[in-house]
Amino acid sequence: MTNLSALSNAELLTLCREYGQATLMWRRKFLGLLPEVHKRKLYEQAGCSSVIEFAQKIAGISEEQVRLTLNLERRFENKPALHEALVNGEVSVNKLARVVSIATKENAEELAEKAKILPREALETWVRDIKTEG
């Protein structure tokens with residue numbers, strides 16, 4: 001373990017950013033596993049009564065995030081690019097929730113790419129602009 005008191009402020013800040021980014025990545029990946037955990041009822045093997053309880057105990061994920069993930073997975077079943085972005089943890093469920101209202105089979109790939117590269121606020125604006133155009 002690193003002696004934290006020996007780190008400079010810049011080094012400590014860099015370490016915080018590195019760990020924070022890793023945490024976000026692993027959280028997205030965990031959320032992506034939940035639809036399959038739910039389908040297999042794997043949560044029962046872990047001694048939990050629901051996938052929600054499983055996610056709360058294993059990773060501290062809120063009920064709202066679990067429900068959102070499961071809902072998105074169902075809505076993206078026929079949209080492979082968005083489905084893959086969700087279950088592989090490539091894009092956060094919060095970003096994917098922004099695009100679900102305009103997602104079609106035809107634009108799913110473009111939406112997945114935009115969700116990967118745009119910050120959440122820019123994605124919200126882009127989706128709003130598309131809604132007002134259509």
Side-chain angles (χ1 to χ4, degrees):
M1 180 77 191
T2 304
N3 180 1
L4 296 178
S5 60
L7 296 176
S8 70
N9 286 351
E11 291 169 329
L12 181 58
L13 185 57
T14 298
L15 198 57
C16 287
R17 287 185 177 136
E18 179 184 327
Y19 289 0
Q21 287 298 316
T23 299
L24 292 174
M25 177 197 64
W26 288 113
R27 184 176 191 277
R28 284 193 312 264
K29 289 186 178 293
F30 179 83
L31 283 168
L33 298 175
L34 292 180
E36 191 64 25
V37 168
H38 183 66
K39 285 177 193 167
R40 296 183 190 191
K41 295 188 179 195
L42 189 60
Y43 54 86
E44 292 174 348
Q45 289 182 22
C48 297
S49 62
S50 69
V51 69
I52 293 168
E53 181 185 352
F54 175 83
Q56 289 172 336
K57 284 185 175 180
I58 301 285
I61 304 292
S62 72
E63 178 177 344
E64 180 183 345
Q65 287 289 294
V66 174
R67 289 187 189 283
L68 177 59
T69 301
L70 296 177
N71 182 35
L72 288 172
E73 196 268 341
R74 280 191 299 274
R75 293 189 63 186
F76 291 154
E77 281 179 337
N78 64 347
K79 299 165 186 79
L82 290 167
H83 189 265
E84 185 177 318
L86 174 68
V87 299
N88 290 338
E90 296 171 18
V91 180
S92 76
V93 294
N94 295 322
K95 279 184 165 184
L96 291 171
R98 302 302 187 266
V99 302
V100 71
S101 64
I102 62 167
T104 64
K105 287 181 185 180
E106 293 75 27
N107 70 3
E109 200 166 310
E110 179 187 11
L111 293 176
E113 286 304 313
K114 292 286 187 186
K116 288 176 189 176
I117 60 172
L118 291 176
R120 186 182 48 81
E121 295 82 9
L123 189 63
E124 283 178 11
T125 302
W126 184 71
V127 167
R128 193 173 332 123
D129 290 347
I130 288 175
K131 283 181 175 180
T132 56
E133 287 174 6

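Since we're looking at a predicted model, the values are computed, not measured.
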Would you mind writing out the side-chain donor-acceptor pairs for residues 56-65 within the sub-3.5 Å range, not counting sequence neighbours?
| from | atom 1 | to | atom 2 | distance (Å) |
| --- | --- | --- | --- | --- |
| Lys57 | NZ | Glu53 | OE2 | 2.9 |
| Ser62 | OG | Gln65 | N | 3.2 |
| Glu63 | OE2 | Arg67 | NE | 2.8 |
| Glu63 | OE2 | Arg67 | NH2 | 2.8 |
| Gln65 | NE2 | Asn94 | OD1 | 3.3 |

List, one per line, each side-chain donor-acceptor pair under 3.5 Å for residues 72-80, sequence neighbours excluded.
| from | atom 1 | to | atom 2 | distance (Å) |
| --- | --- | --- | --- | --- |
| Glu73 | OE2 | Lys39 | NZ | 3.2 |
| Glu73 | OE2 | His83 | NE2 | 3.0 |
| Lys79 | NZ | Arg75 | O | 3.2 |

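Considering Ile117, Leu118, Leu111 as possible partners of Leu123, the one that fulfils the side-chain contact (heavy atoms from CB on, under 4.5 Å) test is Leu118.
For the atom pair CH2 (Trp26) and CG (Leu31), the distance works out to 13.5 Å, reported to the nearest 0.5 Å. Separating the OG1 atom in Thr14 from the OH atom in Tyr19 is a distance of 11.5 Å, to the nearest 0.5 Å. Atoms CG and CG, on Leu34 and Leu86 in that order, are 9.5 Å from each other to the nearest 0.5 Å. Atoms CE and OG, from Met25 and Ser92 in turn, are 14.0 Å apart once rounded to the nearest 0.5 Å. The structure places CZ of Arg98 at 4.5 Å from CD of Glu124, a figure rounded to the nearest 0.5 Å.
With Asn107 contributing its side chain and Ile102 its backbone, the two residues share a donor-acceptor pair below 3.5 Å. A donor-acceptor pair under 3.5 Å is formed between the side chain of Glu11 and the backbone N or O of Ser8.
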Quick one, Glu110 with Glu113, criterion side chain to side chain contact (heavy atoms under 4.5 Å, CB included). Give me CA distance, side-chain angles, the key distance, then yes/no. CA-CA 5 Å; Glu110 179 187 11; Glu113 286 304 313; 5.8 Å; no
Could you go step by step and tell me if Lys29 and Asn88 meet the side chain to side chain contact (heavy atoms under 4.5 Å, CB included) rule? CA-CA 6 Å; Lys29 289 186 178 293; Asn88 290 338; 5.7 Å; no
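In plain terms, the two heavy atoms of Ala112 and Val91 that are nearest each other are O-CG2, 4.4 Å. Nearest heavy atom pair, residue Leu82 against residue Ala108, reads CG-O, 3.6 Å.
Ion pair Arg28/Glu90 not flagged as a salt bridge, since none of the NZ, NE, NH1 or NH2 atoms sits closer than 4.0 Å to an Asp/Glu carboxylate oxygen.
Contact of the Leu96 side chain with the Leu68 side chain is not registered, since no non-hydrogen atoms from C-beta on lie closer than 4.5 Å. The side-chain heavy atoms of Arg128 and Lys131, taken from C-beta on, include no pair separated by under 4.5 Å.
A continuous path of Ile, Leu, Val, Met, Phe, Trp and Tyr side chains, each step under 4.5 Å between heavy atoms, connects Phe30 with Val93, placing both in one hydrophobic cluster. Cluster annotation: Val87 and Leu33 are assigned to distinct hydrophobic clusters (Ile/Leu/Val/Met/Phe/Trp/Tyr, side-chain heavy-atom contacts under 4.5 Å, transitive).
In the model, Thr132 has no side-chain atom that pairs as donor or acceptor with a side-chain atom of Asp129 under 3.5 Å.
Not counting sequence neighbours, Lys105 has no partner by the salt bridge (charged side-chain N to carboxylate O under 4.0 Å, His left out) test.
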